[in-house]
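Model, not experiment: these values are computed from the prediction. In what follows, every chain begins at residue 1, and chains take the letters A, B, ... in the order their sequences are listed.
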Amino acid sequence: MRGEWTLVWNELRHGLATALAAAGIDAGDRLAKVELAIPRERSHGDWTTNLAMILAKAAKQPPRAVADAIAKHFPLEGTPFSAVEVAGPGFLNFRYRDTFVAALPVRILSEGGAYGRSDAGAGEKVLVEFVSANPTGPMNIVSARAAAVGSSLVRLLDMAGFASASEFYVNDAGNQVDLLGESMAARFAEHIGESRPFPEEGYRGEYVRTLAAELPDAEARAALARPDGARWFRDQALVRMIEWQKRDLAAYGVTFDRWFLESVLHPGAVDKTREQLIERGVTYRAEKPEGVTEAAEARVGANEGAAGGSGIALWLRATQFGDSMDRVITRSDGRPTYLLPDIAYHLDKRTRGFRTAINLWGPDHHAYITTLTAGLKALGLEEDFLHVLIVQQVNLLRDGQAVKMSKRAGEFDTLTDLIDEVGADCAKFFFLMRSTTSHLDFDLALAKKQNDENPAFYVQYAHARICSVIAKGAELGLAAATGEPTELTDAAETSLVRQLATWPEVVRGAAQAREPHRIPTFLVETAAEFHRFYHACRVADPAQPALSRHRLRLCAAAAQVLRNGLALMGVSAPERLERSEEGLA
RNA sequence: GCGCCCGUAGCUCAACUGGAUAGAGCGUCAGCCUCCGGAGCUGAAGGUUACAGGUUCGACCCCUGUCGGGCGCACCA
């Protein structure tokens, strides 16, 4: 091993490169993309690769012949592997040395919270933007899923060697905020017994009334009397709303490196972006988009009312960059559409040095991916700069029955409601458990159960159980072994160590695929692996002190891995779980 | 009408970017504590991966079509 934070993955890659060179096989750039995996089937070894099968065609040799050549030249010396075998149609299967396995618990404990960390991301700067809800109401359930996934992804990327940061984009410059201000002014007027018309599309939620009543009385009265007083109400509403959202998220354990206000882009950055697009010749002025089909034209006609005015607008030639149609970036009245500041914002991200922007969006925005991507390509940004993860909707259930999520006061709808009902740990575990592309059925009754139906408790229980057995060992005067490698005497022990050995690879894979759900999946498997071991092997046995000390250390290593995984999820790892009344059912 | 996402065991979901015999939990059935937390463990049953073609050594994964479910569709964000 070349030292900590080096992946077995890297060792394999180097070994394969050496073997290919020695065997005289030209892999081209294939090696960079080849699959190195941990096989599901343990009898297939600890690592496997399909490299030989990939190269067979170009090498004009049967896959097994290529595999044999690679196996023959693979330099095992100094690697974690003792053997490489050719199997099946041409797989190369690698097996860990016993000494590597025996040394692993020592290594896990010495690396501690850093076990699993790697340099796979090579320090690439990645900005993860998520939630970014309009500052016009409290955090809701949809945001709760995005917050759990986004914050976990940031930690995951960091652990895999990316330079990651989190950001919340605040739409504080649009109509919606003006409407909020107007709504607030009207509610304040109502509060002091005056009348002021409530805006047509205003925010009718009870929370606006609450916030209005908290405004400083004298200042608010003065603003109400001024002709431009709506602006004061807007600014007040904005500040209070953002603080509220920050509080809600903080209670959930989610914070952001930066809250980016859209308003800072106006007018400078927005104008500059428009000029750049014009200079690049990717815009035109027209009443209608160029090259629309008759069918599309008919639809425009049908939507004229909703579409707004007719007149000369500035269009982006989005179709040249993969979009299905051209898009307006400046309305006929001169105001920019949402697209232009969005482009300006992402240009700003790129200018700050981020090589990748990962955005978490709701399913209602998926069509916008091609539009924004087209806008960024039109500016000359890398095609793969923007990476959008669609976080699918959440269906709340209670004992199998759908829970209505309504904006109206009193109904179950907010993040705070959710935390109050099931707790932040459990909510996050459930949100992270599924891939973001899956619709998620969230059963409140299930999440509240503290029993075996609940995977969040299954993992936390494994951790608590380990802490308990370590405490038991201490009672008996048995401490975890230090220094010397672990003696593995039982198949269940070896199986557990091998599971723990995969952790750095799981972190790397999950980070590069941007799939945080692999973490809870791994933790559930690890917990199961631990329980199996615990069932098969007595850990704290005064009659066998030497063996006990080795097993206690293995337990401590397992606890460390569980803690590291739960930490990535933002879920706590309690040392004790108290039985609740419901849990006894 | 067009576009995107989804469809895997009775239910909720995995399957490591195209790999070896598609796996977990719940539910059902049958077992396991003189022992460290039974909130646990072991086993059984349960599948034409919606359907029909195609691509190749190999497909839940890629391509085409069909059927279902969700979402979006033009100077709202």
Side-chain angles (χ1 to χ4, degrees), chain A residues 33 35 37-41 43-44 48 50 53-54 56-57 62-63 87-91 93 134 171 174-176 287-289 292 295-296 299-300 303-304 306-311 313-315 324-333 335-339 341-342 362-370 390 392-393 400 433-435 437-441 443 446 449-455 457-458 460-462 464-465 467-473 475-476 502 505-506 509-510 512-513 515 517-518 521-522 524-525 528 531-532 534-536 538-541 548 576-577 579 583-584:
Chain A
K33 286 191 253 175
E35 183 174 340
I38 295 166
R40 265 197 296 270
E41 182 64 42
S43 66
H44 294 152
T48 186
N50 58 356
M53 288 180 283
I54 304 281
K57 194 172 274 182
F91 291 102
N93 294 340
N134 280 336
N171 292 108
N175 302 338
Q176 304 308 313
E287 280 188 33
K288 292 176 184 173
V292 288
R299 285 196 51 82
V300 174
N303 286 336
E304 195 88 54
S310 61
L314 185 66
W315 295 77
S324 58
M325 70 177 138
D326 292 342
R327 305 287 171 173
V328 172
I329 54 173
T330 305
R331 300 179 178 98
S332 47
D333 64 7
R335 289 151 56 227
T337 63
Y338 57 90
L339 176 57
D342 276 355
D364 50 338
H365 289 94
H366 64 74
Y368 189 50
I369 298 173
T370 45
I390 294 297
Q392 282 292 346
Q393 70 184 65
M433 210 165 40
R434 308 306 186 197
S435 82
T437 53
S438 298
H439 292 223
L440 176 66
D441 282 356
D443 195 318
L446 173 61
K449 283 186 186 169
Q450 301 187 354
N451 65 15
D452 54 1
E453 291 174 55
N454 187 334
F457 277 84
Y458 181 77
Q460 287 185 321
Y461 171 67
R465 200 181 201 187
C467 293
S468 168
V469 72
I470 289 172
K472 183 75 182 181
E475 257 177 53
L476 299 170
T502 64
E505 170 59 15
V506 169
Q512 289 184 333
E515 291 185 354
H517 76 271
R518 292 188 197 178
T521 301
F522 168 86
V524 170
E525 284 168 6
H531 287 310
R532 265 191 291 275
Y534 183 83
H535 191 257
R538 186 170 164 87
V539 176
D541 183 0
S548 294
R576 300 177 59 83
L577 291 181
R579 278 169 196 277
L584 295 171

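Taking the O4'-C1'-N9-C4 or O4'-C1'-N1-C2 dihedral as appropriate, B/U17 has a value within 90° of 0 and is therefore syn. By the rule that a glycosidic angle within 90° of 0 means syn, B/C29 does not qualify and counts as anti.
Within 4.0 Å (heavy atoms only), A/S324 reaches no atom of the nucleic acid at all. A/R335 comes within 4.0 angstrom of no nucleic acid atom, judged by non-hydrogen atoms across all strands. Using a 4.0 Å heavy-atom cutoff across all strands shown, A/Y534 reaches at least one base atom of the nucleic acid. Among the protein residues, A/Q393 comes within range of the sugar-phosphate backbone only, with heavy atoms under 4.0 Å from sugar or phosphate atoms but none that close to a base. At the heavy-atom level, A/M433 lies nowhere under 4.0 Å from the strands shown. Within 4.0 Å (heavy atoms only), A/D541 reaches no atom of the nucleic acid at all.
With rounding to whole Å, A/D364 atom CG is found 8 Å from B/C73 atom P. A/R538 places its CZ atom 4 Å from the C1' atom of B/C35, with the value rounded to the nearest Å. Note: CZ (A/R327) to P (B/C75) measures 9 Å, nearest angstrom. Atom P of nucleotide B/U17 and atom CZ of A/R40 are separated by 11 Å, given to the nearest angstrom. B/A24 atom C1' lies 10 Å from atom CZ of A/R532, rounded to whole Å. Rounded to an integer number of Å, the gap from A/E515 CD to B/C61 C1' is 12 Å. The CZ-C1' distance, from A/R518 to B/A15, rounds to 10 Å in whole Å. Computed from coordinates, the A/E525 CD to B/G23 P distance equals 12 Å when rounded to whole Å.
Which of B/C41, B/C73, B/A39 sits closest to the side chain of A/L577 comes down to B/A39. Of the candidate nucleotides B/G19, B/G37, B/C75, B/G37 has the atom nearest to the side chain of A/A464. Looking at the side chain of A/N175, the nearest of the listed nucleotides B/A39, B/A77, B/C75 is B/A77.
Spacing between B/A30 and B/U49 at atom P, rounded to whole Å, works out to 31 Å. A distance of about 11 Å separates the P atoms of B/C63 and B/C6, rounded to the whole Å. Taking atom P in both B/A9 and B/A50, one finds a spacing of 8 Å when rounded to whole Å. Nucleotides B/G27 and B/A39 are separated by 14 Å at their P atoms, to the nearest Å. If you take atom P in B/U55 and the same atom in B/C61, they sit 15 Å apart, rounded to whole Å. Between the P atoms of B/C67 and B/C51, the separation comes to 16 Å (whole Å). Going from the P atom of B/A59 to that of B/G53 covers 14 Å, rounded to whole Å. The separation of B/C41 from B/G25, taken at their P atoms, amounts to 8 Å, rounded to a whole angstrom.
In this structure the side chain of A/H439 reaches within 4.5 angstrom of the side chain of A/Q393, judged on heavy atoms. Side-chain contact check for A/E525 versus A/T502: every heavy-atom pair is 4.5 Å or farther apart.
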Trace of the salt bridge (charged side-chain N to carboxylate O under 4.0 Å, His left out) decision for A/R331 with A/D333:
CA-CA 5 Å; A/R331 300 179 178 98; A/D333 64 7; 5.2 Å; no
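Map A/K472 and A/A528 each onto its nearest nucleotide of RNA chain B; the residue landing nearer the 5' end is A/K472. If A/V539 and A/H531 are placed on RNA chain B by their nearest nucleotide, the residue sitting closer to the 5' end is A/V539.
Phosphate proximity of B/A15 to A/H517: present, with a side-chain N or O under 4.0 Å from OP1 or OP2. For the OP1/OP2 pair of B/A77 and a distance below 4.0 Å, the side-chain nitrogens and oxygens of A/R331 include at least one atom meeting the criterion.
Taking 3.5 Å as the limit, the base of B/A20 and the side chain of A/T48 contain a donor-acceptor pair of atoms between them.
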Scan nucleotides 2-12 of chain B nucleotide by nucleotide, 5' to 3', and note B when protein non-hydrogen atoms come under 4.0 Å of the base, S if they reach only the sugar-phosphate, - if neither.
-BBS------B
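You can call A/F91 stacked on the base of B/A20; the centres are under 5.5 Å apart and the planes sit within 30°.
For RNA chain B, the stems formed by at least three consecutive Watson-Crick or G-U pairs, with both atom-pair distances below 3.5 Å, span B:1-7 with B:67-73, B:10-13 with B:23-26, B:28-32 with B:40-44, B:50-54 with B:62-66.
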